[in-house]
Amino acid sequence: MDQSKEQRILNSVSYNAVKGDPESVLDCIDKYCSQKEWAMNVGDEKGLILDNVVKEADPTTALELGTYCGYSAIRIARLLKPKAHLFSIEFNPEFVPIAKEIIEIAGLSDKVTILEGHAQDIIPQLKSKYDVDTLDFVFLDHWKERYAPDTILLEECGLLRKGSILLADNIIYPGAPEFLEYIRNHKRFECTNYPSHLEYMKVEDAMEKAVYLG
Ligand SMILES: O=C(NC/C=C/[C@H]1O[C@@H](n2cnc3cncnc32)[C@H](O)[C@@H]1O)c1cc([N+](=O)[O-])cc(O)c1O
Ligand SMILES: [Mg+2]
């Protein structure tokens, strides 16, 4: 059976990236996906916005919804302080081993735990099963219509604290209108919009930061 695009991305990283060097893994994926096959990684332009928000949050416990190939997990984990940890939730069984391998090549396996399953099933288990207290940073990059319900779920599960920072990808393209409506009209979130472009394209996109006010 011929390989998937995600397997070809892993092959490219495995062949071209410097083992243990997150930057070289990111550069390799960005090069492959801008020159060979487009893929839905947050990319280098929006990646810089992600970097800056992660630096601002300086999280001890971070959560990502939608691991895909692990590109943004590497962007986040490479900035985490020594004892900090990233949990990344992914339900597609084909992507999980590929993301694990790419994160391993980046040398960040100790900083990232990939939880296989649906976010709506795993979020309620974070406290009891994964010993999470509250989340300092959450990156939303999974199915766009799940952004709002899963944000509500995070709040209901007591996983947000005063100052928790959420960052959502794809506010313009493909768009997350329900999420935008919810988060901007919810009085306990302080929102900031970051205009940018769709990964590897000239298409307009944006990210939205939402700080939980407690
Ligand atoms: O559709 C997009 N992203 C959806 C991302 C989906 C990823 O998150 C997982 N997932 C989904 N619900 C889940 C629930 N629980 C766990 N994993 C889940 C999917 O298995 C996939 O790995 C997208 C599309 C474009 N685009 O240009 O078309 C650009 C982007 O930047 C995008 O992020
Ligand atoms: Mg995205």
Side-chain angles (χ1 to χ4, degrees), residues 4-10 13 26 29-30 32-34 36-54 62-76 86-103 112-126 129-130 132 135 137-154 156-157 159 166-180 183 193-210:
S4 69
K5 172 169 71 176
E6 291 74 26
Q7 282 169 318
R8 290 193 290 273
I9 291 171
L10 170 54
V13 168
L26 296 174
I29 295 173
D30 285 331
Y32 185 84
C33 294
S34 43
K36 301 280 191 326
E37 298 186 84
W38 185 92
M40 59 183 174
N41 318 114
V42 74
D44 46 352
E45 185 183 332
K46 288 188 290 178
L48 277 177
I49 299 168
L50 172 59
D51 290 354
N52 290 332
V53 175
V54 171
L63 174 68
E64 171 181 67
L65 305 181
T67 316
Y68 189 46
C69 294
Y71 178 93
S72 44
I74 290 168
R75 281 208 87 108
I76 296 165
L86 169 68
F87 293 95
S88 185
I89 306 177
E90 172 57 55
F91 84 80
N92 188 322
E94 279 174 42
F95 299 160
V96 170
I98 290 169
K100 279 184 178 165
E101 182 56 33
I102 290 176
I103 290 163
V112 184
T113 301
I114 296 180
L115 303 175
E116 182 168 348
H118 283 271
Q120 66 195 65
D121 299 327
I122 294 182
I123 286 170
Q125 298 176 322
L126 287 176
K129 195 168 175 189
Y130 301 100
V132 170
L135 298 165
F137 175 76
V138 183
F139 182 49
L140 297 96
D141 194 19
H142 58 329
W143 291 152
K144 310 313 160 192
E145 67 279 1
R146 292 298 313 168
Y147 283 16
D150 287 338
T151 298
I152 293 166
L153 190 56
L154 286 169
E156 286 173 349
C157 293
L159 286 160
L166 309 184
L167 183 67
D169 190 24
N170 309 117
I171 292 303
I172 294 180
Y173 189 90
E178 307 85 7
F179 171 75
L180 219 45
I183 206 84
N193 185 265
Y194 298 88
S196 186
H197 295 90
L198 180 67
E199 49 266 28
Y200 320 117
M201 306 289 283
K202 289 195 175 9
V203 172
E204 298 278 301
D205 193 9
M207 302 181 98
E208 188 87 358
K209 180 177 79 172

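Atom set for the values below is all heavy atoms of this structure, side chains included, hydrogens, waters and symmetry mates excluded. Both counts, for ligands and for their atoms, begin at 1 and track the order of listing.
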In terms of its nearest heavy atom to atom 21 (C) of ligand 1, the top option of Glu90, His142, Glu145, Arg146 is Glu90
Per the salt bridge (Lys or Arg N to Asp or Glu O under 4.0 Å) rule, what does the pair list look like for residues 90-102, sequence neighbours excluded? none
Tell me which protein heavy atom sits closest to atom 13 (C) of ligand 1, plus the residue, atom name and distance to 0.1 Å. Phe91 CD2, 3.3 Å
Establish, from distance only, whether the side-chain atoms of Tyr68 and Asn92 form a donor-acceptor pair under 3.5 Å. no
Should you measure from each heavy atom of Asp169, which atoms of ligand 1 turn up under 4.0 Å away? 31 (O)
Of all the heavy-atom pairs spanning Ser196 and Lys46, show the shortest one and how long it is. OG-CG, 3.3 Å
Of the non-hydrogen atoms in Ala119 and His142, which two are nearest, and what is the gap between them? CB-CD2, 4.4 Å
What are the atoms of ligand 1, with element, lying closer than 4.0 Å to any heavy atom of Leu198? 27 (O), 29 (C)
Carefully, step by step, assess Ser72 and Glu64 under the rule side chain to side chain contact (heavy atoms under 4.5 Å, CB included). CA-CA 8 Å; Ser72 44; Glu64 171 181 67; 2.4 Å; yes
Looking only at heavy atoms of Lys144, does any of them come nearer than 4.0 Å to an atom of ligand 1? yes
Ligand 1 to Gly117, heavy atom cutoff 4.0 Å, flagged ligand atoms 15 (N), 16 (C)
At under 4.0 Å between heavy atoms, what of Pro174 touches ligand 1? The answer is side chain
Counting only heavy atoms, which portion of Trp38 has something under 4.0 Å from ligand 1: side chain, backbone, both, or neither? side chain
Heteroatom N/O/S of Asn170 within less than 2.8 Å of the Mg ion (ligand 2): yes
Close approach of Gly43 to ligand 1, heavy atoms, under 4.0 angstrom: no
Between Tyr173 and Glu204, which heavy-atom pair has the shortest distance, and what is it? CB-O, 3.7 Å
Does Ile122 approach ligand 1 within less than 4.0 angstrom via side chain, backbone, both or neither, non-hydrogen atoms only? neither
What protein heavy atom is closest to atom 6 (C) of ligand 1, reported as residue, atom name and distance in Å? Trp143 CZ3, 3.4 Å
Taking only non-hydrogen atoms of Gly66 and a 4.0 Å limit, the atoms of ligand 1 in range are 8 (O)
Do you know which N/O/S atom name in Asp169 is closest to the Mg ion (ligand 2)? OD2
Tell me whether Glu199 has at least one N, O or S atom under 2.8 Å from the Mg ion (ligand 2). no
Shortest non-hydrogen separation from Thr67 to Ser88 and the atoms involved: OG1-OG, 2.6 Å
Residue Tyr173 vicinity, atoms of ligand 1 by number, heavy atom under 4.0 Å: 26 (N), 27 (O), 28 (O)
Which heavy atom of Leu10 sits nearest to which heavy atom of Ile98, and what is that distance? CB-CG2, 4.0 Å
With the Mg ion (ligand 2) as the point of reference, which N/O/S atom of Asp141 is the closest? OD1
Let's go through Cys157 and Leu126 carefully: what are the C-alpha distance in whole Å and the side-chain angles of both, what is the deciding distance for side chain to side chain contact (heavy atoms under 4.5 Å, CB included) to 0.1 Å, and is it a yes or a no? CA-CA 9 Å; Cys157 293; Leu126 287 176; over 6 Å; no
Parallel, tilted or perpendicular: which fits the ring planes of His118 and Phe91, with parallel below 30° and perpendicular above 60°? parallel
Hey, is Phe95 touching ligand 1 through its side chain, its backbone, both or neither, going by heavy atoms under 4.0 Å? side chain
Taking all non-hydrogen atoms of both residues into account, name the closest pair between Gly117 and Ile89 and its distance. O-CG2, 3.4 Å
At under 4.0 Å between heavy atoms, is it the side chain or the backbone of Asp141 that contacts ligand 1, or both, or neither? both
Near Tyr68, which atoms of ligand 1 are under 4.0 Å from a heavy atom of that residue? 22 (O)
Nearest protein heavy atom with distance in Å, relative to atom 31 (O) of ligand 1: Glu199 OE2, 2.5 Å
Short N-O contact, Lys144 and Asp141, less than 4.0 angstrom: yes
Trace of the side chain to side chain contact (heavy atoms under 4.5 Å, CB included) decision for Ile183 with Tyr147: CA-CA 10 Å; Ile183 206 84; Tyr147 283 16; over 6 Å; no
Interfacing atoms of ligand 1 (cut-off 4.0 Å, heavy-atom, His118): 15 (N)
Per-atom filter on ligand 1: closer than 4.0 angstrom to a heavy atom of Ala119 are 14 (C), 15 (N), 16 (C)
Answer with yes or no whether the side chains of Asp44 and Tyr200 bring together a donor and an acceptor at under 3.5 Å. no
Nearest neighbour in protein (non-hydrogen) for atom 32 (C) of ligand 1: Asn170 OD1, 3.3 Å
